[in-house]
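In what follows, every chain begins at residue 1, and chains take the letters A, B, ... in the order their sequences are listed.
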Amino acid sequence: MVRDDFLFEYLLRLGDNTLILGHRVSEWCGHAPVLEEDIALANTALDMIGQTQMWLGLAAEVEGKGRNADALAFTRDVWDFRNLLLVEMPNGDFGQTLMRQFLFDAFHSILLGRLMTSSDTRIAGIAAKASKEVSYHLERSAETVVGLGDGTEQSHERMQAALDYLWPYVGEAFIGDTVDAEMVAAGIAPDPASLRAEFDEIVTRVFAEATLKLPESRFAHKGGKTGNFHTEHLGHLISTLQWLQRAYPGCTW
Amino acid sequence: MTETMEKPTEADIWHWLDAVPDPEIPVISIVDLGIVRDVAWEGDTLAVSVTPTYSGCPATSIIAMDIETALRDQGIERIEIRTQIAPAWTTDWLTDKGRAEMEKFGIAPPSPAAGPERCPHCGGTHLEKLSQFGSTPCKAQWRCKDCLEPFDYFKCI
């Protein structure tokens with residue numbers, strides 16, 4: 001049996017990734033370059049918020065302190081968030097948003113595929129549900145990265161700049177710690193390092209097609225999933241995300 | 001429900017639920033959509049298990065409310081609606097009746113070929129994808145190159 005506090009911590013990581021990226025992507029609503037992209041971004045955000053509800057709902061149940069998914073999303077402070085640094089990075093231009101989405105989708109799709117065989121049937125069930133949605137996300141973000149990377153001179157330059165900017169935030173996803181080790185021992189989740197080869201295969205293939213150059217450095221900023229060190233961007237995001245519950249605690253409608 | 005009243009059978013209940021329209025695609029029922037997974041009496045309480053189509057689908061809570069209203073109208077007082085996540089909903093659970101109604105309404109039904117089989121307006125087969133996502137999370141936008149009309153395609157998941 002795995003200790004509940006480790007499992008709680010692991011579930012926060014899953015739920016906070018989709019919550020923070022879902023919120024980031026929703027910032028585009030009404031601002032995307034064309035209507036179809038606006039709708040696609042809103043739908044992707046919606047899927048991720050739905051997945052958050054399941055992950056954080058289960059986290060709250062495991063914690064057993066009477067909190068629910070909303071309480072976890074709206075009343076934790078910034079240092080209690082356990083998302084990867086990658087997902088809190090600012091939207092930048094449309095290309096940077098889609099580059100961030102592609103990097104996360106590639107990792108996320110591999111992780112969910114492995115979680116589908118988790119020894120915890122609740123986790124396996126949520127992963128199976130989310131995995132179907134994420135395969136659409138990956139198809140779209142990969143196609144867009146290719147379209148813009150292998151597009152005009154300007155779109156190519158912007159995509160390369162986005163990749164160079166975001167790449168140092170990718171490595172964190174594959175670095176394991178005590179929480180991961182506990183999950184691996186209980187058969188609940190895979191060792192993050194074991195996902196890297198498949199990830200490299202996907203990004204190498206897509207970037208070759210997109211005529212983009214994969215940065216050579218494997219330097220990785222870290223501290224997001226452990227909560228030790230988030231970037232300055234997360235606090236600003238959370239102040240918008242939590243504004244209503246902070247201004248009017250317990251407000252419902 | 002009074003003590004003397006007979007409990008409606010599960011077949012009756014399925015029949016009533018088949019009259020509850022999907023809030024986003026009102027030409028098909030929630031039973032045709034395949035999201036009602038189980039109906040069972042547990043003592044005096046009727047338990048209805050519902051599977052969401054997409055995890056973020058905003059229609060999920062409306063559907064639960066519509067089910068409750070429909071069953072209360074039939075005199076059932078104690079209703080418990082349960083969200084069942086596993087096994088995950090699949091478009092394979094759409095009934096043939098649902099698929100036919102959907103196409104008549106102008107939405108191409110899901111196809112394992114990863115795209116619509118034909119245009120729901122003219123039946124043309126020269127089609128192109130406009131966007132991976134459409135007006136709801138479950139749909140994509142396509143266009144028919146024969147009649148030039150855009151249409152929604154219900155994605156296969």
[X] atom [atom1]: more than 12 heavy-atom contacts under 6.0 Å:
| X | atom1 | answer |
| --- | --- | --- |
| A/H233 | NE2 | yes |
| A/R67 | CZ | yes |
| A/Q245 | CD | yes |
| A/E63 | CD | yes |
| B/R143 | CZ | no |
| B/E10 | CD | yes |

Proximity of residues 22-38 of chain B to chain A, residues having a non-hydrogen atom under 4.5 angstrom: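 Within residues 22-38 of chain B, no residue comes under 4.5 Å of chain A, counting heavy atoms only.
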Once side chain to side chain contact (heavy atoms under 4.5 Å, CB included) is applied, do any residues pair with A/T252, and if so which ones, sequence neighbours excluded?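 Once residues adjacent in sequence are excluded, A/T252 has no partner under the side chain to side chain contact (heavy atoms under 4.5 Å, CB included) criterion.
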Please find the pair of heavy atoms, one from [X] and one from [Y], that lie closest to each other, and give the distance.
| X | Y | result |
| --- | --- | --- |
| A/I39 | B/Q141 | CD1-NE2, 4.2 Å |
| B/I157 | A/K132 | C-NZ, 3.6 Å |
| A/M54 | B/I85 | SD-CD1, 3.5 Å |
| B/T136 | A/N43 | C-OD1, 3.7 Å |
| B/P58 | A/L46 | CD-CD2, 3.8 Å |
| B/P137 | A/D47 | CB-OD1, 4.1 Å |

Look at A/E37, A/E139, A/M48 and state which one has the largest set of heavy-atom pairs under 4.5 Å with chain B. A/E139
Out of A/A40, A/G22, A/G125, which one racks up the most heavy-atom pairs below 4.5 Å with chain B? A/A40
Nearest-0.5 Å distance that lies between atom OG1 in B/T53 and atom NZ in A/K129: 6.5 Å
Can you confirm whether B/F133 sits close enough to A/H137 that some side-chain heavy atom of one is under 4.5 Å from a side-chain heavy atom of the other?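 They are in side-chain contact.
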Region of B/T90 in contact with chain A, defined by heavy-atom distances below 4.5 Å: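 The answer is both parts of B/T90.
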Side-chain (B/K155) to main-chain (A/Y136) donor-acceptor, under 3.5 angstrom: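 It does not hold such a pair.
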Max heavy-atom pairs within cutoff under 4.5 Å with chain A, candidates B/P87, B/S135, B/G134, B/A140, goes to B/G134
Between B/S55 and A/E133, do the side chains contain an N or O donor and an N or O acceptor separated by less than 3.5 Å? yes
If you measure from the Lys or Arg side-chain nitrogens to the Asp or Glu carboxylate oxygens, is any gap between A/E143 and B/K129 under 4.0 Å?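 Result for this pair is yes, salt bridge flagged.
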